Amino acid sequence: MTYLRVLTLLMALLTVILSWPVNARSPEGFKPSEPAPQFTIEEYDIETAPGDALTRPAPDLPDVSQYNRDAVEKRLSERPEEQADISVERIADVSALGDFVDEGRAREWVIRQYSHPQAILVNSGKATLEDVYRQVNDARYMERNDDGSYIIRLPLVVRPGATLEIREQTLRLSEERGAFITNDSWLFVIDSTIIGWREEANGPATYQEKASFRPFFVGWGGSETFVLGSEFASLGYNQSKSYGFTIAQYSEYDNARLGRSAPHAWLIESTFRDIYYGFYCYEAEDVAIVNNVYRDNIVYGIDPHDYSSNLLIAGNTVFDTIEKHGIIISREVNDSWIIDNHSYNNGLSGIVLDRQSRNNVVANNLVHDNQGDGIGLYESPDNLLWGNRLINNLRNGIRVRNSTNVGVYHNTAALNGTFGVLGQIKDLSATDRNFEEDYYHQAVSLTVVGGNLASNASGPLSTDNPLYIELFDIDMRFPRSDVGIHFEGVLGKYQTDIFNALLNDHRAIRLMPSANKGADRTFAGD
């Protein structure tokens, strides 16, 4: 069974497991980005029900073990053994380079190459790095160093139909000469190092500032990229598709002409460091990011973006991201899994789901000592958080902002700087958000079942003006405050009833404005 079929089946499973035992959705007719409905505390009612009204089985998670060395080697062996054809040519009319020569960007390569820009093209066949070196045969463009490593001084392109294998090699990409790699076909990087190189300093092209060019990698629409047991380092800067390690579909205009499928990639047991975005994708599908290390990256560690789907982010260790989040999916990244990752000591949050990213499972992650939230859901409804451990993050353990139908099951949130779980409504009208592209609902609703919300500085749980909040079987012992647990708002009004139902009667509770009762949700109360 091919990996594409496996992931398609897993997507179907995900659709099933996200069918809630209680059918919650935002009310019909609720307009995107309009002011939140306001309810007074007096308008809320409390209901109780047996616990099985809210309990549900653990989600079925994908089999991560299928992403391994044997599977990558099998994919490589299936590529035809044809003689490689490699050339050095001007970069005009090479689809994989179009983004880097349009709108005046070609000037950068004219300056760096001292001539009309050229590139090394793997045109066809199955090539190794040694094949590239022999056929280029010009030290101005590619050189083998005394230590056996290679340096390239031009962009390197794998063209449609060709295969490039980089195995047990070190490839340096010259910063001064504007080198980078684009994959428009099949690329295998196995047990190798690819590193941005500052020739003048004879060392890595370490990050200096966001506008300064550094070499980068991009895999385009229709491409297949496999990275196994390798290291990518000192890559990327703040320019479109040049962020460091990118998997991206062509633009709508270009793809109308080229007709490429979504790009795919497997990244397995590798290290990504000192990269502007450790990973970025755009309209990608069936990407597996498994058992890697992302450390000391600049803006984000792992950042799937813009209409990507069927992603597996599993078993990664992500830490010391300098500016923002360790792991973030943003702008309609749907039907994906973020599982068994370890995200810590990042500049903002450990894990974030953002801008209408839906139908995702975030499960069994360890997230601690981040400078923002442990897990943040921002304007992203219909997601499941299961069995995560959120410890000692500067802000909340879990923040659910402007997001409805969120399941928070069997998570531990302890020793965080504000709340264990926070449901928040926020008006974003004063921001520069494009409200057509990035619409949102000013509403929050969530179900919190099981787990432990202990010793969080502001309390275990808070929410403002929810469409509903449901609670069952939550351990809220060991409050940090000397006065014990103290709820505010609608939770405060019913605090005694909540604790009586949860602790004494072992029943589920729901708080909901009476005007909404029965409109879109059932609850097996008495």
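Every value quoted in this text rests on a predicted model; they were computed, and no experiment measured them.
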Keeping [X] on the side-chain end and [Y] on the backbone end, is there a donor-acceptor pair under 3.5 Å?
X: N396; Y: F419; answer: yes
X: N255; Y: E252; answer: no
X: N297; Y: F272; answer: yes
X: E323; Y: G347; answer: no
X: D52; Y: L54; answer: no
X: N183; Y: W220; answer: no
X: N370; Y: V367; answer: no
X: S242; Y: S240; answer: yes
X: N292; Y: N316; answer: no
X: S223; Y: D184; answer: no

Can you classify the ring geometry of [X] versus [Y] as parallel (below 30°), tilted (30 to 60°) or perpendicular (above 60°)?
X: F319; Y: Y344; answer: parallel
X: Y409; Y: W386; answer: parallel
X: F188; Y: W186; answer: parallel
X: Y67; Y: W266; answer: perpendicular

Any idea which heavy atoms bring [X] and [Y] closest together, and the distance?
X: G417; Y: A457; answer: O-CB, 3.1 Å
X: L502; Y: D473; answer: CD2-N, 4.0 Å
X: A501; Y: T48; answer: CB-CG2, 4.1 Å
X: I398; Y: L385; answer: CG2-CD1, 3.7 Å
X: R331; Y: D306; answer: NH1-OD2, 3.1 Å
X: Q424; Y: D464; answer: CA-OD1, 3.3 Å

Checklist entry - Passes ring-ring contact (aromatic ring centres under 6.0 Å, His included), F487 versus F499? Steps please. => result CA-CA 11 Å; F487 292 138; F499 281 117; 5.6 Å; yes

Contact check, side chains of [X] and [Y], non-hydrogen atoms, under 4.5 Å:
X: F226; Y: V189; result: no
X: Q442; Y: K426; result: no
X: S343; Y: N341; result: no
X: P466; Y: Y44; result: yes
X: Y440; Y: R433; result: yes
X: V72; Y: I190; result: yes
X: Y378; Y: V352; result: yes
X: V299; Y: Y243; result: no

Item to check | Derivation and outcome, salt bridge (Lys or Arg N to Asp or Glu O under 4.0 Å), residues R358 and E332 | outcome: CA-CA 7 Å; R358 296 171 178 259; E332 297 187 46; over 6 Å; no

Next on the checklist: Is there a side-chain contact (heavy atoms from CB on, under 4.5 Å) between Y282 and T246? Walk through the geometry before answering.
Outcome noted: CA-CA 8 Å; Y282 171 84; T246 297; 6.0 Å; no

Checklist entry - Crowded around Q495 CD? As in, over 12 foreign heavy atoms under 6.0 Å? => result yes

Starting at [atom1] of [X], measure out to [atom2] of [Y] and round the result to the nearest 0.5 Å.
X: T412; Y: N452; atom1: OG1; atom2: CG; value: 5.5 Å
X: L453; Y: L461; atom1: CG; atom2: CG; value: 6.5 Å
X: D45; Y: M512; atom1: CG; atom2: CE; value: 10.5 Å
X: S336; Y: N359; atom1: OG; atom2: CG; value: 9.5 Å
X: I41; Y: Y494; atom1: CD1; atom2: OH; value: 10.0 Å
X: R480; Y: N456; atom1: CZ; atom2: CG; value: 6.5 Å

Next on the checklist: Whether the N405 and D382 side chains hold a donor-acceptor pair (N or O, under 3.5 Å, no angle test) is what I'd like checked.
Outcome noted: yes

Next on the checklist: Under a 3.5 Å cutoff, is there a donor and acceptor pairing between the side chains of S234 and D274?
Outcome noted: yes

Item to check | Trace of the side-chain contact (heavy atoms from CB on, under 4.5 Å) decision for N402 with V444 | outcome: CA-CA 5 Å; N402 295 337; V444 65; over 6 Å; no

Taking only residues at least two apart or on different chains, which pairs with a member in [range] satisfy salt bridge (Lys or Arg N to Asp or Glu O under 4.0 Å)?
range: residues 289-304; answer: none
range: residues 394-422; answer: D373-R399, E379-R401
range: residues 345-356; answer: R355-D438

Next on the checklist: Name the residue from V421, N388, I327 that meets the side chain to side chain contact (heavy atoms under 4.5 Å, CB included) definition with I375.
Outcome noted: N388

Item to check | Quiz item: cation-pi between K210 and Y276, 6.0 Å / 45° | outcome: no

Item to check | Pair L394-N416, side-chain contact (heavy atoms from CB on, under 4.5 Å): steps then yes or no | outcome: CA-CA 6 Å; L394 185 64; N416 297 289; over 6 Å; no

Checklist entry - Of F245, Y277, Y280, F279, which is the lone residue that meets ring-ring contact (aromatic ring centres under 6.0 Å, His included) with F217? => result F245

Next on the checklist: Let's go through I509 and E470 carefully: what are the C-alpha distance in whole Å and the side-chain angles of both, what is the deciding distance for side-chain contact (heavy atoms from CB on, under 4.5 Å) to 0.1 Å, and is it a yes or a no?
Outcome noted: CA-CA 6 Å; I509 69 106; E470 297 172 327; over 6 Å; no

